[in-house]
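Structure first, commentary second.
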Protein chains: 2
Amino acid sequence: MSGNKFGSAALAAVHETASDLHRAGGIDKRTMRKFDALCLTPIQKMTPRKIRALRTREKASQAVFAAYLNVTPSLVSKWERGEKHPQGPSLKLLSLVEKKGLEIVA
Amino acid sequence: MSGNKFGSAALAAVHETASDLHRAGGIDKRTMRKFDALCLTPIQKMTPRKIRALRTREKASQAVFAAYLNVTPSLVSKWERGEKHPQGPSLKLLSLVEKKGLEIVA
DNA sequence: GAAAGTATAGCACCAAGTACCATAGAGACG
DNA sequence: CGTCTCTATGGTACTTGGTGCTATACTTTC
């Protein structure tokens with residue numbers, strides 16, 4: 001759990017404590033999810049050039065990149081030119097690729 | 001590469017051949033992506049009940065599920081009631097969770 | 001019985017995402 | 001040379017997904 005919401009050790013500690021309780025049987029999996037959700041790394045905006053850098057890093061054309069993300073090539077182009085701005089699920093998908101590579105969404 | 005576009009062995013064979021060429025140095029990584037993209041499993045629509053089944057399988061509340069997908073709890077509710085229909089990036093994200101579990105998007 | 005968590009339901013709004021087209025540069029190939 | 005394909009840009013028009021807010025109600029827990 002490196003890279004938590006505030007870069008502070010506090011939340012990580014909370015999460016660790018919760019994890020311990022879980023292992024001890026004091027917290028069920030469902031409740032555990034709440035702590036996990038608290039620790040989700042916040043998604044940051046992606047600039048057009050960051051998106052392009054990401055795509056070229058993965059050595060994919062706009063068309064191929066789009067296919068992986070299940071969007072249209074047209075949209076990838078617009079992202080990279082700053083005409084449209086990914087957010088919500090799209091942003092999540094992009095940051096997922098950024099962190100774990102294109103292959104993960106194959 | 002199980003579960004290719006047409007369930008046929010043909011495309012898999014093409015991909016295998018391409019892979020061999022790649023290993024032999026005849027195809028660069030960029031070109032290789034095209035074959036990979038061809039073999040991406042097509043995303044199928046998700047029915048409201050399938051979405052709910054997925055979420056409950058992961059033992060997450062709508063709010064927590066939404067946090068993982070970087071969408072609003074309101075939207076998850078609409079998905080599950082059939083008021084809105086995920087597609088494009090959202091659908092990709094959901095089928096990703098279906099295949100690999102919620103943890104993968106953490 | 002107050003409080004917190006869960007989910008449904010509604011509505012207004014806007015921009016993300018789609019679909020389509022025309023253009024143009026770069027590379028491959030005969 | 002011409003032509004074909006892949007690449008990407010730029011544009012336009014349209015649809016609807018996703019947001020944000022609020023109110024309601026049913027549990028469970030303290």
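Note: hydrogens, waters and symmetry copies are ignored here, and every other heavy atom, side chains too, is used. Letters go in sequence order (proteins before strands), and every chain restarts at 1.
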Working to the nearest 0.5 angstrom, can you tell me the gap between A:Leu54 CG and A:Met46 CE? 5.5 Å
What does nucleotides 11-30 of chain D look like as a protein-contact string, B for base, S for sugar-phosphate only, - for none, at under 4.0 angstrom between heavy atoms? BB----BBBBB---------
Table of protein N/O atoms under 3.5 Å from nucleotides 27-29 of chain C N/O atoms:
none

Atom CD1 of A:Ile104 and atom CG of B:Leu96: how far apart are they, to the nearest 0.5 Å? 7.0 Å
Straight-line distance of B:Gln44 CD to B:Leu91 CG, nearest 0.5 Å: 8.5 Å
Heavy-atom check, side chain of B:Leu94 versus side chain of B:Leu69, under 4.5 Å: yes
Measure from CD on A:Glu80 to P on C:dG17 and round the result to the nearest Å. 14 Å
Do any of residues 43-52 of chain B sit with a heavy atom less than 4.0 Å from DNA chain D, and if so which? none
Which atoms form the tightest heavy-atom contact between A:Ala60 and A:Leu102, and what is the distance? CB-CD1, 4.2 Å
Five-pair end axes of the helix from C:dG1-D:dC30 to C:dT23-D:dA8, angle between them (10°): 50°
side-chain N/O B:Arg55 vs C:dA7 OP1/OP2, d < 4.0 Å: yes
Taking side chain as C-beta onward, heavy atoms only, is A:Val64 less than 4.5 Å from A:Ser61? yes
A:Leu93 and B:Pro89: which non-hydrogen atoms are nearest, and at how many Å? CD2-O, 3.6 Å
Hey, could you give me the CD1/CZ distance between B:Ile51 and B:Phe65, rounded to the nearest 0.5 Å? 8.0 Å
Take B:Arg52 and B:Gln62 through the side-chain contact (heavy atoms from CB on, under 4.5 Å) test and state the conclusion after the steps. CA-CA 9 Å; B:Arg52 168 157 300 184; B:Gln62 290 181 343; 3.8 Å; yes
Can you pull out every side chain to side chain donor-acceptor pair (under 3.5 Å) where at least one residue sits in residues 66-79 of chain B? Sequence neighbours excluded, please. B:Ser77-B:Arg81
Grab the CZ-P distance between B:Phe65 and C:dA7 for me, whole Å please. 12 Å
Pairs involving residues 87-98 of chain B, ordered by first then second residue, that meet side chain to side chain donor-acceptor pair (under 3.5 Å) (sequence neighbours left out): B:Lys50-B:Glu98
When you look at NZ of A:Lys99, are more than 12 heavy atoms from neighbouring residues, nucleotides or ligands closer to it than 6.0 Å? yes
Considering only NZ, NE, NH1 and NH2 on the basic side and carboxylate oxygens on the acidic side, decide whether A:Glu80 and A:Arg49 come within less than 4.0 Å. no
